[in-house]
Amino acid sequence: MKIAIPAVALAGLLSTAPTPAVSKAQQPMSCARVSEQQVAALFDRWNASLGTGDPDKVAANYAPDGVLLATVSNRPRKTPADIREYFVKFLKAKPVGKIDSRTVKIGCNIAQDVGTYTFRFADGKTVHARYTYVYEWNGEKWLIAHHHSSAMPEPVADAERAAPSGEPGKRAGNASKR
């Protein structure tokens with residue numbers, strides 16, 4: 001014998017059935033909107049934290065599982081404590097960074113800022129370096145997931161850094177290295 005259940009009754013039964021709770025972690029995260037200017041501002045935030053001289057403020061820019069491959073360290077820094085330890089020493093030189101060139105790429109909850117920068121230190125020395133920042137959106141703010149910085153392998157002159165792409169500048173050399 002077939003039992004016919006009217007569609008209206010079936011819909012009523014289904015609408016009262018308990019639904020499993022879905023935690024925030026299980027919900028798919030939507031892509032955070034970010035512009036190239038906002039990504040550039042993330043470097044400014046990081047650079048401003050250097051100016052505080054406080055390694056905790058600098059380390060707060062990094063994701064808990066972030067990786068730092070620093071210019072003046074042979075050891076990859078893979079924990080918040082390791083990253084903080086690096087900046088305890090680095091901040092003593094009172095670094096100030098300036099972007100020389102950059103390329104920004106934006107994806108879903110990830111952004112890359114890649115280019116060259118120059119650091120000036122309190123003692124007057126400068127370091128010209130290449131950098132990569134990979135930022136990730138954690139649902140609340142952008143944090144550094146990966147930061148790689150390495151000194152330029154060849155001497156860099158100020159005129160060369162300032163020249164538009166494809167126009168070679170004078171190769172006077174890097175007056176000071178760190």
Side-chain angles (χ1 to χ4, degrees), residues 19-91 93-121 126-154 156 160-166 178:
T19 56
V22 178
S23 74
K24 188 175 181 179
Q26 293 171 324
Q27 295 175 358
M29 190 184 301
S30 62
C31 296
R33 291 180 163 231
V34 66
S35 68
E36 286 189 27
Q37 293 78 18
Q38 290 169 314
V39 173
L42 295 172
F43 171 81
D44 296 337
R45 177 184 76 184
W46 178 84
N47 199 34
S49 70
L50 293 180
T52 69
D54 183 344
D56 291 315
K57 289 186 178 174
V58 180
N61 291 292
Y62 292 81
D65 61 348
V67 176
L68 169 63
L69 301 174
T71 309
V72 292
S73 176
N74 291 337
R75 185 165 57 96
R77 308 298 176 128
K78 298 188 264 183
T79 68
D82 283 348
I83 291 169
R84 182 191 183 283
E85 177 190 45
Y86 172 79
F87 286 110
V88 166
K89 182 177 178 185
F90 185 70
L91 291 173
K94 300 189 184 317
V96 176
K98 179 184 149 308
I99 298 293
D100 299 318
S101 69
R102 79 165 14 116
T103 300
V104 170
K105 296 190 180 266
I106 298 171
C108 181
N109 297 326
I110 192 163
Q112 300 172 40
D113 182 357
V114 180
T116 60
Y117 52 19
T118 299
F119 279 93
R120 298 198 186 283
F121 299 93
T126 60
V127 172
H128 303 289
R130 301 172 288 189
Y131 72 85
T132 301
Y133 288 93
V134 177
Y135 299 100
E136 63 185 12
W137 178 250
N138 73 356
E140 296 177 14
K141 63 182 175 178
W142 290 94
L143 294 171
I144 301 167
H146 174 82
H147 177 191
H148 180 203
S149 181
S150 57
M152 293 290 208
E154 300 172 359
V156 176
E160 185 175 43
R161 284 187 300 110
S165 179
R178 187 151 210 273

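Atom set for the values below is all heavy atoms of this structure, side chains included, hydrogens, waters and symmetry mates excluded.
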| said: Just to verify, what does Trp137 make a side-chain hydrogen bond (donor to acceptor under 3.5 Å, both in side chains) with, not counting sequence neighbours? | reply: none
| What's the verdict on side-chain contact (heavy atoms from CB on, under 4.5 Å) for Met152 and Arg130, showing C-alpha distance, side-chain angles and the deciding distance? | CA-CA 6 Å; Met152 293 290 208; Arg130 301 172 288 189; 3.5 Å; yes
| query | Of all residues at least two apart in sequence or in a different chain, which pass the side chain to side chain contact (heavy atoms under 4.5 Å, CB included) check with Val67? | reply | Leu69, Lys78, His146
| query | Got a sec, which residues hit side chain to side chain contact (heavy atoms under 4.5 Å, CB included) with Leu68, two or more places apart in sequence or on another chain? | reply | Tyr62, Ala70, Arg77, Ile83, Tyr86, Phe87, His147
| query | Which atom pair, heavy atoms only, marks the closest approach of Pro55 to Val88? | reply | CG-CG2, 3.6 Å
| request: With the side chain counted from C-beta on, respond yes when Phe119 and Thr126 share a heavy-atom pair under 4.5 Å apart, and no when they do not. | output: no
| Any donor-acceptor pair under 3.5 Å from Asn138 side chain to Ala63 backbone | no
| Which residue pairs pass the disulfide bond (SG atoms under 2.5 Å apart) test with at least one member in residues 29-66, sequence neighbours excluded? | Cys31-Cys108
| task | For residues Val34 and Ile106, report the shortest heavy-atom separation together with the two atoms involved. | result | O-CD1, 3.4 Å
| query | Side-chain donor-acceptor pair under 3.5 Å between Thr116 and Ser101, yes or no? | reply | yes
| field | Atom of Val127, atom of Ala151 and distance for their closest heavy-atom approach | value | CG1-CB, 4.5 Å
| request: Look up atom CD1 in Ile144 and atom CG in Leu42, then write down how far apart they are to the nearest 0.5 Å. | output: 8.0 Å
| field | Nearest non-hydrogen partners of Val104 and Glu36, listed with the distance | value | CG1-CG, 3.8 Å
| field | Qualifying residues under ring pair (Phe, Tyr, Trp, His ring centres under 6.0 Å), relative to Tyr131, sequence neighbours excluded | value | Tyr117, Tyr133
| request: For Ala111 and Trp142, work out which heavy atoms get closest and say how close. | output: N-CZ3, 3.9 Å
| Passes side-chain contact (heavy atoms from CB on, under 4.5 Å), Arg45 versus Asn61? Steps please. | CA-CA 8 Å; Arg45 177 184 76 184; Asn61 291 292; 3.0 Å; yes
| said: Test of understanding: with side-chain hydrogen bond (donor to acceptor under 3.5 Å, both in side chains), list the residues that count as partners of Thr132, not counting sequence neighbours. | reply: none
| request: Tell me, with the steps shown, if Leu91 and Val58 meet side-chain contact (heavy atoms from CB on, under 4.5 Å). | output: CA-CA 9 Å; Leu91 291 173; Val58 180; 4.0 Å; yes
| note | So salt bridge (charged side-chain N to carboxylate O under 4.0 Å, His left out) across residues 105-114, not counting sequence neighbours, yields Arg102-Asp113
| query | Tell me, do Tyr135 and Leu143 make a side-chain contact under 4.5 Å, heavy atoms counted? | reply | no
| note | Residues Ala129 and Ser149: closest non-hydrogen pair is CB-OG, 4.0 Å
| Under 3.5 Å: donor-acceptor pair, side chain of Asp100, backbone of Thr118 | yes
| said: Applying salt bridge (Lys or Arg N to Asp or Glu O under 4.0 Å), can you list everything that pairs with Arg75, at least two apart in sequence or on another chain? | reply: Asp82, Glu85
| note | Those residues at least two apart in sequence (or on a different chain) that pass salt bridge (Lys or Arg N to Asp or Glu O under 4.0 Å) with Arg84 are Asp56
| request: Mind checking side chain to side chain contact (heavy atoms under 4.5 Å, CB included) for Ala60 and listing every partner two or more places apart, or none if nothing turns up? | output: none
